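A quick write-up on the structure given underneath.
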Amino acid sequence: MSALATFVGARPQFIKAAPMSMALKEAGIDELLIDTGQHYDDNMAGAFYRELTLPSPALNLGVGSGTHAQMTARIMCGAERILQDTKPKLVLVYGDTNSTMAAALAAVKHGIPVAHIEAGLRSFRLDMPEEVNRRVTDHISTLLLCPTANAVINLMNEGLAPQGAATHCASMDECRTLRPNSQRMVANVGDVMVDAIVDAEGRGSEPEWAGRLRRHQFALLTLHRADSTDNVDTLSYLVEQVIDLSRNLDVLFPIHPRTRARLKALGLLETLENTQGMLCVAPLPYLSFIQAQKRAAIVITDSGGVQKEAFTLATPCLTLRDETEWTETLVGGWNQLIGTRPSSLRDAVARSEKPAGDATTPFGDGKASQRMAAIIKQYLDQYAQH
Ligand code: UD1
Ligand code: UDP
């Protein structure tokens with residue numbers, strides 16, 4: 001029987017789970033990896049298993065797409081079955097997707113404690129599905145593994161961490177000092193996404209898209225949030241703005257399946273594909289996408305992870321949102337919030353010069369996975385019910 005059951009299901013979770021699974025293995029922790037099947041296209045799921053050091057999942061719940069309630073319910077039912085059969089001592093979840101919240105809920109309702117990676121992030125907007133998912137998950141988790149000091153402060157403000165908790169802690173002993181009560185432990189461990197980037201450095205071959213760009217300078221665009229894609233006027237407006245930008249700068253656009261479906265339904269996919277200066281491609285494999293972020297003159301995105309990666313790779317970023325969970329990226333102007341409907345994307349790009357100096361590294365040292373594995377090991381050895 002595995003002591004730890006991990007649930008993943010969406011693209012960024014496969015990427016974060018790769019260094020984490022490796023660190024758990026190195027720490028001697030037997031992990032049962034379960035894929036909920038929330039993302040299922042090969043370029044959103046399978047490709048990451050093949051490219052990264054992520055073991056194949058022991059099980060796939062195959063939940064697929066649906067409304068939030070449908071997905072949450074299906075994941076909970078599937079997770080419950082597995083947890084009843086396998087009885088792990090701890091369940092590990094990542095981030096803020098429906099898979100995160102549903103697996104965490106299924107676990108605590110069976111009396112199994114939860115460890116939450118990327119705990120403490122907040123957009124302070126309850127109308128974002130991700131904010132609901134992360135708040136619920138944090139409030140029911142036992143191990144709150146935070147990527148930044150700001151995340152710990154957010155937990156402190158919600159009474160989930162004691163005052164003065166925003167310090168790094170590398171071992172369970174230090175973490176114990178951060179226990180507000182016997183049921184919760186909070187640690188600032190750094191961001192596992194940096195571990196993934198460090199692993200990716202120097203790997204991968206020349207990306208296929210590179211030879212298809214017309215100009216040397218290009219912008220990299222990603223879009224998938226409900227705020228950008230679900231409102232017809234907003235999406236149509238963004239398409240106009242992107243086409244306008246492509247007159248000055250090539251735009252590499254790996255299209256998330258959600259966005260592709262919306263663009264297609266509005267007849268906008270063909271328009272984009274037929275625009276000179278636009279390079280519309282399928283979602284890219286991770287190593288190829290990291291190369292794109294490194295080489296781009298600018299990144300334009302509504303993604304959480306991509307804002308942070310652009311910052312870590314020292315590429316300026318324009319974020320198509322009014323707020324960000326990753327406020328550290330705003331320092332020095334590396335990331336700018338331009339809203340879901342910027343008045344002129346072309347002007348925003350023209351104005352955004354690369355900031356002088358290096359981006360600082362508030363996201364840790366690339367060893368978050370080792371730190372988290374050590375904390376989980378100590379928890380399993382000392383605290384978990386045997
Ligand atoms: C989900 C997460 C979001 C995360 C993102 C990462 C939730 C509520 N949202 O958003 O936090 O940032 O993953 O990419 O959990 N689809 C496919 N093939 C796939 C996957 C999705 O065609 O392999 C299409 C379907 O039409 C589906 C739509 O994309 O209805 C949305 O998928 P879903 O998983 O619900 O949300 P994402 O937008 O991917
Ligand atoms: N990503 C990728 N290929 C792409 C687009 C993104 O591998 O075509 C990676 C990216 O490097 C980052 C993660 O996917 O690690 C971000 O996922 P996404 O934007 O889907 O979700 P979010 O971070 O907003 O939850």
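For clarity, every value in this text was computed on a predicted model and none was experimentally measured. Side chains are part of it too, since the values below use all heavy atoms of this structure and drop only hydrogens, waters and symmetry mates.
Residues forming a side-chain hydrogen bond (donor to acceptor under 3.5 Å, both in side chains) with S123 (at least two apart in sequence, or on another chain): E131. Partners of R11 by salt bridge (charged side-chain N to carboxylate O under 4.0 Å, His left out), not counting sequence neighbours: none found. Every residue two or more places apart in sequence or in another chain that forms a salt bridge (charged side-chain N to carboxylate O under 4.0 Å, His left out) with R122 is listed here: D138, E158.
Interatomic distance, E325 CD to R134 CZ, rounded to the nearest 0.5 Å: 4.0 Å. Here L320 contributes atom CG and R341 contributes atom CZ; the two are 12.0 Å apart, rounded to the nearest 0.5 Å. For the atom pair E26 CD and S21 OG, the distance stands at 11.0 Å (nearest 0.5 Å). Considering CZ of R214 and OG of S246, their distance stands at 8.0 Å, rounded to 0.5 Å. Note that CD1 of I15 and CD1 of I290 are 7.5 Å apart. Values are rounded to the nearest 0.5 Å. Separation of atoms CD (E273) and OG1 (T271) is listed at 9.0 Å; rounding is to 0.5 Å.
Residues D191 and A368 approach most closely at C-CB, 3.7 Å, considering heavy atoms. Of all heavy-atom pairs between N60 and G37, the closest is OD1-CA, 3.5 Å. Of all the heavy atoms in T315 and Q293, the pair that sits closest is OG1-O, 2.7 Å. Of all heavy-atom pairs between G366 and V198, the closest is CA-CG2, 4.3 Å. Of all heavy-atom pairs spanning T72 and A102, the tightest one is O-CB, 3.5 Å. A pairwise comparison of heavy atoms in A151 and P147 identifies CB-CD, 3.9 Å as the closest pair.
Between the Q38 side chain and the S99 main chain, a donor and an acceptor come within less than 3.5 Å of each other. Within the 3.5 Å criterion, the main-chain N or O of G95 finds a donor-acceptor partner in the side chain of H116. Judged purely by atom type and a 3.5 angstrom limit, D365 uses its side chain to pair as donor or acceptor with the backbone of K367. The closest donor-acceptor contact from the side chain of Q70 to the backbone of T67 lies under 3.5 Å. T319 contributes no side-chain N or O that, together with a main-chain N or O of R321, makes up a donor-acceptor pair within less than 3.5 Å. Side chain of N154 to backbone of L121: no donor-acceptor contact under 3.5 angstrom is found. At distances below 3.5 Å, not a single donor-acceptor pair connects side-chain atoms of Q291 with backbone N or O atoms of L287. Formation of a donor-acceptor pair under 3.5 Å by the E51 side chain with backbone atoms of A47 is not found in this model. In this structure a side-chain-to-backbone donor-acceptor pair under 3.5 Å is present from Y237 to P342.
The same ILVMFWY cluster, assembled from side-chain heavy atoms under 4.5 Å apart, contains both L33 and Y286. Cluster membership check: M193 does not share its hydrophobic cluster with L52, using side-chain heavy-atom separations under 4.5 Å among Ile, Leu, Val, Met, Phe, Trp and Tyr. Neither M278 nor V281 shares a network with the other; the hydrophobic side chains, linked directly or stepwise wherever heavy atoms of I, L, V, M, F, W or Y lie under 4.5 Å apart, form separate groups for each.
In summary, the side chains of E31 and T6 do present a donor paired with an acceptor at a separation below 3.5 Å, with no hydrogens or angles considered. With 3.5 Å as the limit, one finds a donor-acceptor pair spanning the side chains of Y40 and S65. Checked by atom type, the side-chain pair S369/D195 shows a donor-acceptor distance below 3.5 Å. Side-chain contact check for T97 and T100: at least one donor-acceptor pair (N or O, by modelled atom type) lies under 3.5 Å.
Pairs passing the ring-ring contact (aromatic ring centres under 6.0 Å, His included) check and including a residue from residues 238-277, sequence neighbours excluded, read H39-H256, H224-H256.
More than 12 non-hydrogen atoms from other residues, nucleotides or ligands lie less than 6.0 angstrom from CD of Q84. Within a 6.0 Å radius of CD in Q217, no more than 12 heavy atoms belonging to other residues, nucleotides or ligands are found.
Side-chain contact between P88 and L4: absent, with no pair of heavy atoms (C-beta onward) separated by less than 4.5 Å. Between L92 and I117 the shortest side-chain heavy-atom distance falls below 4.5 Å. Using a 4.5 Å heavy-atom threshold, the side chains of L221 and L245 count as separate. Using a 4.5 Å cut-off on side-chain heavy atoms (C-beta onward), W209 and P254 make no contact. Annotation: side chain of M185 is not in contact with side chain of Q378 (no heavy-atom distance under 4.5 Å). Residues I300 and V251 fail the side-chain proximity criterion, which asks for heavy atoms closer than 4.5 Å. Side-chain atoms of P57 and Y49, non-hydrogen and from C-beta on, do get closer than 4.5 Å to each other. For the pair M20 and I376, the minimum side-chain heavy-atom distance is below 4.5 Å.
Using a 4.0 Å cut-off between charged nitrogen and carboxylate oxygen, R225 and E130 count as a salt-bridge pair. At a threshold of 4.0 Å, the pair R203-D199 does not count as salt-bridged, since none of the basic side-chain nitrogens sits closer than that to a carboxylate oxygen. Looking at R125 and D227, a side-chain N of the basic residue comes within less than 4.0 Å of a carboxylate O on the acidic one, giving a salt bridge.
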D250 vs R212, test: salt bridge (charged side-chain N to carboxylate O under 4.0 Å, His left out). Steps then yes/no.
CA-CA 10 Å; D250 274 16; R212 294 171 61 205; over 6 Å; no

Report the C-alpha separation of F311 and F363 in whole Å, then their side-chain angles, then the decisive distance to 0.1 Å, and conclude whether the ring-ring contact (aromatic ring centres under 6.0 Å, His included) test is met.
CA-CA 10 Å; F311 181 86; F363 300 116; 5.7 Å; yes

Which is it for N248 and V349 under the side-chain contact (heavy atoms from CB on, under 4.5 Å) test, yes or no, and what are the steps along the way?
CA-CA 10 Å; N248 278 9; V349 169; over 6 Å; no

Worked check of side-chain contact (heavy atoms from CB on, under 4.5 Å) between E201 and K294
CA-CA 11 Å; E201 289 292 335; K294 264 184 162 173; 3.0 Å; yes

Determine, step by step, whether L279 and L213 satisfy the side-chain contact (heavy atoms from CB on, under 4.5 Å) criterion, reporting the C-alpha distance in whole Å, the side-chain angles of both residues, the deciding distance to 0.1 Å, and the verdict.
CA-CA 7 Å; L279 181 54; L213 289 166; 3.9 Å; yes

Please report the C-alpha distance between S352 and L318 in whole Å, then the side-chain angles of each, then the deciding distance to 0.1 Å, and finally whether the side-chain contact (heavy atoms from CB on, under 4.5 Å) criterion is met.
CA-CA 8 Å; S352 81; L318 297 177; 4.2 Å; yes

Please walk me through it: do D230 and R258 pass salt bridge (charged side-chain N to carboxylate O under 4.0 Å, His left out)?
CA-CA 9 Å; D230 286 7; R258 173 195 193 110; 3.1 Å; yes

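Among T301, T259, L223, T222, the single residue meeting the side-chain contact (heavy atoms from CB on, under 4.5 Å) criterion with S228 is L223.
The hydrophobic cluster containing L330, built from Ile/Leu/Val/Met/Phe/Trp/Tyr side-chain heavy atoms closer than 4.5 Å, also comprises L337. In the hydrophobic clustering (ILVMFWY side chains linked at under 4.5 Å, chained through shared members), L105 is joined by F7, L32, I34, L59, L61, V63, I75, M76, I82, L83, V91, V93, M101, V108, I112, V114, L126, V132, V136, I140.
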